[in-house]
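Worksheet: the structure to be examined is printed underneath.
If you're wondering where the values come from, they're calculated on a predicted model, not measured in any experiment. In what follows, every heavy atom counts, from backbone to side chain, and hydrogens, waters and symmetry copies are set aside.
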Amino acid sequence: EVSVNAVGGILPAARGARSAGLGGFQHSSNAVWLLSGEGTCLVGEPGSASLALSMLRSSYSIPLVLTAVRTALEPTDGSDPPTVNVRGRWSVDADVEGAAEVGLQYGLGASVEECEYWMSIGAASSPIGVECPFTLARAYGWSRGPLMSFKFLAPLAGIELPEAPKLGAGWLPFGSAALRRRRALQVENEVEVEAEGEGTPSAIANATDANDVSASGRNGTRGRNATFGISDVEDNTPPSTLLGGATRLIAPLARGFVRGAAHAYTRRMDGVVLTSLTDFNKGALGVRGRHPWTAVFDPARSAVVFTSQPARPAFQASAHDWWSVQASMPRVAQFENVVVSIYNPPVEVSALLPLAGGTVPPQLTHAYFNRSAFDQYQLVIGRDGVTTWHCARKGDAYIALHSQNPAAFATSGPYAGVDLIADGYRNVWIADVGDARTDGRFDQFVSRIWKSVVDVDILPPGPDRDGGLPWCLWQNECIQGFPDNVDYWRLVKCVQWIPFVNSNPVCGHTLDTWGFIGCYLGCDLPDWRLCIAKCVILAIDWSIPSGTFGHVDVRYRPHLRREIIWGWDAELRVGRRWNAVRKELEPQRYERFDNPFTEVAAGHETEEMRVDVDGRSVFLDFGEPPLRNVVDEPPP
């Protein structure tokens with residue numbers, strides 16, 4: 001991973017938890033330095049210290065094949081580096097199908113070792129892993145590091161629900177397997193429509209919404225509310241607990257802490273590396289310093305470009321919060337040298353973030369674009385007289401950055417001339433990179449960008465798409481203070497019509513009255529408040545149609561290059577040729593490794609791996625790792 005992904009001493013997009021490496025260092029810099037000799041060695045990073053001690057105390061040395069990989073990607077003899085695509089995948093989705101893929105149990109049935117894995121990918125914030133901190137506490141005690149932060153939820157642990165509460169429309173189950181099944185059906189419909197002559201190839205290719213195609217097929221699903229509605233997405237969830245149900249109610253916030261499956265695409269060119277996490281946690285809060293895409297030229301001199309949507313206003317945010325914490329993760333797609341990043345935060349962001357961070361996120365997206373770190377900068381107005389591109393050159397490598405919303409550089413403050421700011425919650429950023437070998441001189445690259453065409457359609461949520469029931473509960477302070485300080489009577493009044501007493505519940509009459517009464521009378525929990533919480537979650541109709549996202553479609557036609565079509569609800573499609581009418585689906589989910597040196601399938605059944613380069617090779621036999629014996633006993 002380090003050998004094929006490291007650039008200038010950093011790992012720009014690995015595992016979905018990396019910053020862009022401003023100044024040429026990040027948490028992974030020590031590992032890069034130990035394995036490749038590049039970058040910066042930082043003092044006090046425990047993981048790399050352990051690796052260094054192992055190397056000093058044993059005869060272990062870095063396999064020569066890894067050095068050969070680095071040399072092949074970044075030649076030391078002065079020759080030009082090759083243009084290669086590096087694709088990879090880390091971890092699995094924190095859902096039922098992800099658990100099956102790695103052969104692990106989940107929820108209340110997970111063992112200590114299995115819970116350690118779920119905790120390692122942040123799944124304590126997902127329905128399938130929310131009980132794991134308590135499983136680990138029974139084995140190790142509450143004093144073990146981060147487990148202490150879960151202790152106050154202990155009274156709610158282990159309370160099972162007969163069924164999981166429905167997700168509000170607009171939020172998928174953790175992981176996207178259900179969405180992939182629906183999209184596969186849409187592709188099948190597209191083929192069926194063309195075969196039956198009900199749609200011409202040009203009409204199908206020019207559709208900007210996947211539903212425009214599927215509407216003519218057999219399922220007939222049209223309309224934006226249907227795009228992510230409960231009716232057309234299989235809600236494949238495990239048997240839920242009370243904590244799992246509560247986790248699902250705050251999905252925009254909770255899902256941001258889950259790493260899940262990170263599919264990384266890296267395009268290495270001469271002098272620039274463009275890397276992205278494709279379709280990763282879209283719409284969720286982005287924590288852990290996540291940059292969903294980065295163009296890396298010279299990180300040591302801050303010649304990097306990336307975008308973010310800050311969660312705090314500038315006067316309240318630290319540098320880390322301003323650049324690395326995403327108020328809402330974009331939906332990103334990459335095809336070769338082009339990245340399209342769609343920012344489309346759900347309405348719940350404005351309701352949930354004040355609870356998590358104490359402030360409402362600013363209505364903007366922005367790019368880190370340090371003009372002074374580049375050799376040349378040029379503002380280009382496209383041939384249509386409207387499209388604006390920010391173009392720059394570093395050595396023989398180039399970048400063009402477009403914002404659909406008007407963007408301008410900050411003129412004062414610490415980021416003057418660096419911070420490219422575009423107003424508005426919803427926006428589309430497009431980055432197109434090149435080099436002298438592919439595009440010729442910088443002026444020729446600029447000419448290609450000038451002739452390119454961008455077509456973007458952004459439709460924000462309307463009056464009938466107001467964020468749904470979870471948003472209403474948060475906005476009206478119906479469940480603030482969960483779980484210890486909730487006003488449970490207020491929670492019931494928010495959703496239950498009561499003659500004369502509560503004739504107009506603020507979130508509508510969404511409670512199954514008789515189901516709630518029967519659940520409460522039959523509840524055997526020791527605390528009446530726990531009974532109310534359990535029965536409200538069970539009795540509320542969470543499937544009331546409401547759309548929490550806007551509708552965004554993007555079409556980018558680079559001059560004499562293959563056209564790219566991408567959307568918030570649509571799969572990535574590209575032209576077969578630069579002038580092709582037909583568009584082909586471009587997969588955005590990858591195997592474990594897919595690069596010029598090795599190909600390894602994802603999944604727990606993969607037991608071996610071979611890396612070959614320039615006559616050198618290494619063979620790895622993963623086998624079955626030994627499991628530790630842990631006594632399952634109550635903590636002291």
Side-chain angles (χ1 to χ4, degrees), residues 12-13 20 22 265 267 269 271-276 291-299 302-310 323 326 330-343 364-384 386-395 397-410 415-424 426-435 438-439 442-456 458 552 554-559 561 564 566:
L22 296 178
Y265 187 128
R267 175 80 163 184
M269 304 177 71
V272 60
V273 173
L274 183 66
T275 182
S276 66
H291 286 151
W293 75 270
T294 311
V296 182
F297 294 83
D298 186 352
S302 297
V304 298
V305 178
F306 59 88
T307 59
S308 75
Q309 185 164 49
W323 292 114
Q326 307 274 347
R331 189 172 191 226
V332 176
Q334 180 173 347
F335 178 69
E336 295 181 348
N337 60 307
V338 175
V339 159
V340 180
S341 182
I342 300 175
Y343 286 90
L364 62 88
T365 58
H366 64 154
Y368 184 93
F369 197 131
N370 188 357
R371 291 179 296 182
S372 63
F374 290 86
D375 301 326
Q376 189 174 352
Y377 167 81
Q378 183 176 344
L379 182 64
V380 177
I381 306 299
R383 185 160 53 181
D384 60 2
V386 177
T387 306
T388 302
W389 293 91
H390 299 267
C391 302
R393 176 183 64 85
K394 181 70 174 178
Y398 321 129
I399 185 172
L401 183 65
H402 166 72
S403 168
Q404 181 63 19
N405 296 340
F409 281 98
Y415 305 120
V418 174
D419 197 352
L420 183 60
I421 301 174
D423 290 335
R426 290 167 182 80
N427 196 13
V428 173
W429 292 84
I430 300 176
D432 191 332
V433 301
D435 57 21
T438 305
D439 294 281
F442 182 58
D443 63 305
Q444 293 174 311
F445 172 77
V446 169
S447 177
R448 176 174 73 80
I449 295 299
W450 176 76
K451 297 175 183 177
S452 300
V453 177
V454 177
D455 184 12
V456 175
I458 299 179
V552 184
V554 183
R555 179 188 296 270
Y556 176 47
R557 293 189 289 271
H559 183 60
R561 303 288 175 87
I564 298 173
W566 181 235

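Of the inter-residue distances, the one linking S403 atom OG with Y343 atom OH reads 10.5 Å to the nearest 0.5 angstrom. In this structure, CZ on F442 lies 10.0 Å from CG on D375, to the nearest 0.5 angstrom. A distance of 6.5 Å separates OG in S308 from CH2 in W323, rounded to the nearest 0.5 Å. If you take CZ on F297 and CE on M269, they are separated by 9.5 Å, rounding to the nearest 0.5 Å. R383 contributes atom CZ, which lies 8.5 Å from atom OG of S447 (distance to the nearest 0.5 angstrom). The NE2 atom of H366 lies 11.5 Å from the CG atom of N427; values are rounded to the nearest 0.5 Å.
H559 and W450 have their aromatic ring centers separated by at least 6.0 angstrom. For H291 and Y368, the ring centers sit 6.0 Å or farther from each other. Aromatic ring centres of F335 and W566 lie farther apart than the 6.0 Å criterion allows.
Counting only N and O atoms by type, the side chains of N370 and S302 include no donor and acceptor under 3.5 Å apart.
Using a 4.5 Å cut-off on side-chain heavy atoms (C-beta onward), P292 and Q326 make contact. Within the 4.5 Å cutoff, the side chain of K394 has heavy atoms near those of the D298 side chain. Side-chain atoms of V272 and Y398, non-hydrogen and from C-beta on, never get closer than 4.5 Å to each other. C391 places a side-chain heavy atom less than 4.5 Å from the side chain of I449. A 4.5 Å side-chain heavy-atom check between F369 and H390 finds at least one atom pair inside the cut-off. Between F374 and V305, the closest side-chain pair of non-hydrogen atoms falls below 4.5 Å.
A cation-pi arrangement is not found for R393 relative to F445, the charged atom failing to lie both closer than 6.0 Å to the ring centre and inside a 45° cone about the ring normal.
Put simply, the side chain of Q334 gets close to the backbone of E336: a donor and an acceptor are under 3.5 Å apart. Of the possible donor and acceptor atoms, one in the side chain of N405 sits under 3.5 Å from a partner among the backbone N and O of D423.
Between L401 and the options I430, L420, T388, a side-chain contact (heavy atoms from CB on, under 4.5 Å) holds for only L420.
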Show your working on ring-ring contact (aromatic ring centres under 6.0 Å, His included) between W389 and Y556 and close with a plain yes or no. CA-CA 13 Å; W389 293 91; Y556 176 47; 5.7 Å; yes
From CA spacing to verdict: side-chain contact (heavy atoms from CB on, under 4.5 Å), F409, R371: CA-CA 10 Å; F409 281 98; R371 291 179 296 182; 3.5 Å; yes
When you look at V433 and R267, which way does the side-chain contact (heavy atoms from CB on, under 4.5 Å) test go after all the steps? CA-CA 10 Å; V433 301; R267 175 80 163 184; 5.6 Å; no
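Shown here for P299 and V304, the closest heavy-atom pair between the two residues is CA-CG1, 3.9 Å. Contact between D439 and Q444 at its shortest, heavy atoms only, is O-CB, 3.4 Å. Taking both residues in full, the closest heavy atoms of Q309 and L364 are given as CG-O, 3.5 Å, listed atom of the first, atom of the second, then distance.
Ion pairing between a basic and an acidic side chain is recognised when a charged N comes within 4.0 Å of a carboxylate O; D432 and R561 show no such pairing.
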